[in-house]
Student: 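My questions all concern the structure below.
Letters A, B, ... are given to chains in the order of the sequence lines, protein chains preceding strands, and every chain is numbered from 1. Values reported hereafter were calculated over all heavy atoms of this structure, with side chains retained and with hydrogens, waters and symmetry mates removed.
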2 protein chains.
Amino acid sequence: MDTRERLIQSTRELLWERGYVGTSPKAIQERAGAGQGSMYHHFHGKPDLALAAITRSAEETRSRAEAELGGPGSAAGRIAAYLRRERDALRGCPVGRLTQDPDVMADPRLRAPVEEYFTWLTDRLAGLLEQGRAGGELGPGLDPAATAAALVAVVQGGYVLARAAGSAEAYARAVDGALTLLTRQTPAKEGR
Amino acid sequence: MDTRERLIQSTRELLWERGYVGTSPKAIQERAGAGQGSMYHHFHGKPDLALAAITRSAEETRSRAEAELGGPGSAAGRIAAYLRRERDALRGCPVGRLTQDPDVMADPRLRAPVEEYFTWLTDRLAGLLEQGRAGGELGPGLDPAATAAALVAVVQGGYVLARAAGSAEAYARAVDGALTLLTRQTPAKEGR
DNA sequence: GTCTATAACCTGATAGAC
DNA sequence: GTCTATCAGGTTATAGAC
């Protein structure tokens with residue numbers, strides 16, 4: 001991995017762990033094993049590097065989601081697979097994390113990938129829910145857009161609960177609650 | 001309001017807006033209209049002041065929640081009132097915000113009020129859901145603990161969606177989706 | 001209680017040598 | 001491409017006068 005790439009990866013990690021304000025160029029350089037001059041050669045400054053890191057994280061997070069959402073099985077099954085996918089719930093979402101960073105949200109260029117990711121994810125879930133409704137798998141009274149928003153919120157909020165409790169269990173509980181409401185049947189508990 | 005109190009209030013605001021790393025003693029002093037010496041006379045340092053601010057915010061947020069959750073009406077009605085209560089969704093939750101702050105979560109004293117708040121809120125909702133189930137208002141198959149976790153997650157995640165979209169509408173949509181799943185009826189939309 | 005002075009270190013960057 | 005030097009300003013205090 002070349003220097004430029006290491007700088008991007010280090011920035012992605014630090015933005016995830018400590019946010020934009022909590023991430024200094026010095027810390028990025030140390031983690032990447034690169035010097036001051038090296039960083040400023042490849043990027044114009046902290047915002048420029050953050051843009052590269054955020055764009056990459058949003059793309060990758062989207063790809064990981066699509067792996068389950070576009071997988072085999074019924075609509076509800078694919079949604080359940082996505083929500084229950086093995087996650088490090090205590091680390092949270094690298095994209096959702098950024099919404100709490102005022103400096104990121106204040107910069108239209110840094111904010112765009114974040115907004116786009118959530119729009120895509122919500123629409124993707126809504127499409128799947130619509131499909132499940134059409135197939136009779138889910139109730140006919142279901143509102144795809146609102147339900148999709150609720151499910152995405154459960155994932156993001158599940159991370160908050162997990163961090164607050166200091167345990168990934170809290171994430172799993174929230175997701176189980178949501179899936180039970182969605183499918184109206186007792187969730188499989190043997191899985192955990 | 002005396003100086004000590006102004007320092008606490010300023011810290012609460014800044015922690016909410018910018019998080020722990022993003023909040024400097026200098027910024028606190030400026031907002032409180034207090035000098036350096038004044039701050040260090042009343043508090044031992046940034047962590048000490050943060051503890052006072054976090055404790056206060058957790059107490060107040062809990063009180064505001066109890067106002068709806070302990071209000072009149074059915075269990076489902078009170079939960080809906082809580083979820084739909086007028087909120088500045090773009091500002092998010094002053095307590096949930098702190099879970100994203102590694103320095104706060106790494107300090108057991110700062111972390112305690114956060115953990116306690118979410119435990120209380122989830123248990124409070126679970127009690128209400130249990131009550132609704134016993135009264136036949138909600139389905140007999142409902143799991144109070146998991147459902148409560150899902151609802152708290154929807155609130156916290158709803159803030160993430162609102163900030164990502166730059167619109168409080170996203171919060172309302174997630175909450176509507178969750179309430180529809182909970183009560184299994186079309187949500188009232190005239191309200192917005 | 002509040003003020004100013006001082007300090008050691010960090011932040012985010014620029015300049016220019018190599 | 002990468003390095004070191006330098007810089008103006010911020011951070012998080014401590015010390016002691018008032």
Student: Does OP1 or OP2 of D/dT11 have a side-chain N or O of B/S24 closer than 4.0 Å?
Tutor: yes
Student: In whole angstrom, give the distance that lies between atom NE2 of B/H41 and atom C1' of D/dC18.
Tutor: 14 Å
Student: Nearest-Å distance, NE2 (B/H44) to C1' (D/dT12)?
Tutor: 15 Å
Student: Salt bridge or not for A/R18 and B/D103, using N-O below 4.0 Å?
Tutor: yes
Student: For a quick test of reading the model: is some side-chain N or O of B/T3 closer than 4.0 Å to OP1 or OP2 of C/dT2?
Tutor: yes
Student: Report the distance from atom CD of B/E30 to atom P of D/dT12, rounded to the nearest whole Å.
Tutor: 13 Å
Student: Where the side chain of A/K46 is concerned, which of D/dT2, C/dA13, D/dA13 is the nearest nucleotide?
Tutor: C/dA13
Student: Verify the distance criterion only: is there a donor paired with an acceptor across the side chains of A/R87 and A/Y159 at less than 3.5 Å?
Tutor: yes
Student: Could you tell me how far apart A/R18 (CZ) and C/dT11 (C1') are, to the nearest whole angstrom?
Tutor: 14 Å
Student: Using whole Å, what does the distance between atom P of nucleotide D/dT11 and atom OH of B/Y40 come to?
Tutor: 11 Å
Student: Tell me: CD of A/Q29 to P of C/dT11, nearest whole Å?
Tutor: 10 Å
Student: Quick test of your reading of the model: are A/E13 and A/R31 salt-bridged, counting only N-O distances below 4.0 Å?
Tutor: yes
Student: Whole angstroms only, please: what is the NZ-P distance between B/K26 and D/dT12?
Tutor: 12 Å
Student: Are the charged groups of A/E60 and A/R12 less than 4.0 angstrom apart, N to O?
Tutor: yes
Student: State which residue, out of B/R78, B/R85, B/R62, B/R84, fulfils the salt bridge (charged side-chain N to carboxylate O under 4.0 Å, His left out) condition with B/E68.
Tutor: B/R85
Student: Ignoring backbone atoms, test whether B/H42 places a side-chain nitrogen or oxygen under 4.0 Å from the OP1 or OP2 oxygen of C/dT2.
Tutor: yes
Student: Give the rounded distance in Å between these two atoms: CG of A/L7 and C1' of D/dT2.
Tutor: 12 Å
Student: From D/dT2, D/dT4, D/dG10, pick the nucleotide closest to the side chain of A/Q36?
Tutor: D/dT4
Student: Identify, between A/V21 and B/G35, the residue whose nearest nucleotide on DNA chain C lies closer to the 5' end.
Tutor: B/G35
